[in-house]
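Inspection log for the structure reproduced underneath, given as structure tokens.
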Amino acid sequence: MSLVSLIVPSYNEEDNINNTVSELTGVMESTGEDYEIIFVNDGSKDRTYEAIKAASANNRHVKGLSFSRNFGKEAAIFAGLSAASGDACVVLDCDLQHPPKVIPDMLKLWHEGAEAVEGVKHSRGRESLLHKMFAGLFYGIMSKIIKIDMRATSDYKLLDRKVVDALLNLKETNTFFRALSFWVGFKSVKLEYDVEERKYGHSKWSVGSLFKYAINNATSFSTLPLQIVTFLGFFSIIAGGILGIQTLVKYFMGAAAEGFPTVILLELIIGGFIMLSLGIIGHYVGRIYEEVKGRPRYIISEHTDNLQGRF
Ligand code: UDP
Ligand code: MG
């Protein structure tokens with residue numbers, strides 16, 4: 001019998017906690033494994049942590065820790081992983097959009113030798129068209145950049161202790177869990193699941209926050225955008241060369257260069273390229289600034305007694 005840690009990042013999920021505990025307990029009892037359910041309260045503004053504490057008082061498998069403020073889902077996942085003592089960890093959403101009924105299949109694949117079981121969205125559930133298009137575009141580009149097919153991936157995963165330790169050893173503050181678990185390597189298998197509907201509460205993502213998430217993750221994983229700067233520079237030089245030759249040819253044929261609008265247009269294009277490039281470089285400088293400060297990914301303000309000594 002092995003110990004399995006279930007890690008549940010939770011932000012404003014007071015209505016979900018009890019239901020999630022009973023669903024997860026039901027599934028885990030049927031597997032015959034020992035287990036712990038670690039809720040990470042990510043600075044909720046409602047009574048999420050109170051609900052976690054109450055659940056923990058009734059059920060020794062339930063454990064919880066609470067952040068001093070909202071640090072984001074990525075931080076919550078990493079805090080859960082570092083508090084976990086399981087031989088395997090399963091990360092899943094508190095709203096049960098990641099259906100717990102596939103956990104036994106994940107465990108089976110793990111016992112058969114898989115070191116990471118990657119949950120792959122078979123259907124994306126009910127999402128707006130804009131959300132779907134944006135997700136498709138983002139993961140299409142990310143897949144090209146990191147050379148892993150990210151399109152259907154999610155944060156729903158089972159990771160062996162080896163993988164968890166490798167992830168916890170990564171020093172960066174800005175993490176991208178979904179892709180990092182591929183980056184660290186190990187024997188991984190895919191497992192398809194259908195995204196369920198959220199029963200209580202509502203999603204925390206807006207198109208704006210998704211956009212920010214996409215830019216941050218793309219740049220934390222790749223320096224390709226910086227190469228765009230070089231490309232734009234080359235493009236301008238070549239275009240300038242062609243224009244120069246054309247002007248000279250015209251000059252020798254007796255037609256002087258003319259065209260005030262051309263000058264304005266060129267100024268605008270080149271000015272645009274320069275500002276875009278500075279923006280890209282600036283973004284990376286900002287990221288470096290954030291990383292060199294070496295601030296912790298999260299700050300824990302309290303935890304349930306059964307997590308004593310884990311940090
Ligand atoms: N979450 C979190 N911190 C945040 C936002 C979300 O821990 O700042 C958790 C949330 O409680 C849930 C999971 O991340 O367990 C997924 O969030 P949500 O359901 O809002 O996202 P969606 O399913 O719409 O992608
Ligand atoms: Mg959700």
Side-chain angles (χ1 to χ4, degrees), residues 5-21 23-24 37-52 55 62-84 89-100 102-103 119-136 138-139 142 150-157 173-179 181 193-214 216-217 297-301 303:
S5 304
L6 305 181
I7 291 153
V8 192
S10 315
Y11 178 58
N12 294 347
E13 304 281 10
E14 62 180 353
D15 298 330
N16 277 315
I17 302 289
N18 279 336
N19 183 38
T20 303
V21 168
E23 291 271 335
L24 292 178
I37 307 173
I38 302 181
F39 285 97
V40 182
N41 171 36
D42 183 12
S44 300
K45 295 189 172 52
D46 63 3
R47 299 182 56 80
T48 300
Y49 192 58
E50 281 69 18
I52 296 170
V62 178
K63 304 173 182 181
L65 60 98
S66 190
F67 285 172
S68 58
R69 64 167 168 85
N70 180 250
F71 279 91
K73 185 180 176 187
E74 288 283 320
I77 293 174
F78 275 84
L81 290 175
S82 85
C89 294
V90 177
V91 176
L92 79 167
D93 283 0
C94 191
D95 54 11
L96 297 183
Q97 286 194 286
H98 295 157
V102 303
I103 293 176
V120 173
K121 289 179 189 172
H122 182 238
S123 66
R124 293 190 67 95
R126 221 172 1 151
E127 281 174 349
S128 73
L129 187 66
L130 191 66
H131 191 134
K132 276 205 177 102
M133 271 167 46
F134 189 73
F138 171 59
Y139 286 112
M142 281 302 284
M150 299 285 302
R151 236 160 294 213
T153 55
S154 70
D155 289 333
Y156 193 16
K157 300 174 196 286
T173 320
N174 283 294
T175 51
F176 183 29
F177 177 65
R178 201 170 289 198
S181 72
Y193 71 91
D194 289 308
V195 178
E196 300 285 327
E197 288 300 318
R198 182 182 251 281
K199 285 202 188 77
Y200 311 100
H202 50 84
S203 168
K204 279 101 207 165
W205 293 99
S206 63
V207 172
S209 63
L210 276 175
F211 189 70
K212 207 171 133 206
Y213 180 75
N216 279 340
N217 289 328
R297 284 181 191 136
Y298 49 80
I299 295 168
I300 296 172
S301 64
H303 56 76

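We use all heavy atoms of the structure for the numbers below, so side chains are in, but hydrogens, waters and symmetry mates are not. Order of appearance sets the numbers: ligands from 1, and atoms from 1 within every ligand.
- Of all atoms in ligand 1, listed by their number and element, those nearer than 4.0 Å to a heavy atom of D95 are 19 (O), 23 (O).
- Between F39 and K63 the shortest side-chain heavy-atom distance does not fall below 4.5 Å.
- Tested against P100, the residues L24, T20, L6 include a single side-chain contact (heavy atoms from CB on, under 4.5 Å) partner, L24.
- Looking at D95, its N, O or S atom nearest to the Mg ion (ligand 2) turns out to be OD2.
- The atoms of ligand 1 that sit less than 4.0 Å from any heavy atom of C94 are 15 (O).
- Near D42, with a cut-off below 4.0 Å to any heavy atom, the atoms of ligand 1 are 2 (C), 3 (N), 4 (C), 7 (O), 8 (O).
- Using a 4.5 Å heavy-atom cutoff, the side chains of I299 and F67 are not in contact.
- With a heavy-atom cut-off of 4.0 Å, N70 touches ligand 1 through its side chain alone.
- Both the backbone and the side chain of K73 come within 4.0 Å of ligand 1, counting heavy atoms alone.
- For ligand 1, the atoms closer than 4.0 angstrom to any heavy atom of Q97 are 19 (O), 22 (P), 23 (O).
- Heavy-atom proximity to E13, at under 4.0 Å, picks out these atoms of ligand 1: 10 (C), 11 (O), 12 (C), 15 (O).
- Annotation: R47, atom CZ; neighbour count of heavy atoms from other residues, nucleotides and ligands within 6.0 Å does not exceed 12.
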What's the verdict on side chain to side chain donor-acceptor pair (under 3.5 Å) for S82 and Y298, showing C-alpha distance, side-chain angles and the deciding distance? CA-CA 12 Å; S82 85; Y298 49 80; 3.2 Å; yes
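- Here is the list of ligand 1 atoms found below 4.0 Å of a heavy atom in G72: 3 (N), 8 (O).
- A parallel orientation is assigned to the rings of Y156 and H98, their planes being inclined by less than 30° (bins at 30° and 60°).
- Cation-pi check for R69 over F71 is met; the charged atom lies under 6.0 angstrom from the ring centroid and within 45 degrees of its normal.
- Residue P9 has at least one heavy-atom neighbour below 4.0 Å for each of these atoms of ligand 1: 7 (O), 9 (C), 10 (C), 11 (O), 12 (C), 15 (O).
- Screening N16, D42, N41 for a side-chain contact (heavy atoms from CB on, under 4.5 Å) involving T48 leaves a single residue, N41.
- Every atom of ligand 1 is numbered from 1 in the order shown, and the set under 4.0 Å from a heavy atom of D93 is 13 (C), 15 (O), 16 (C), 23 (O).
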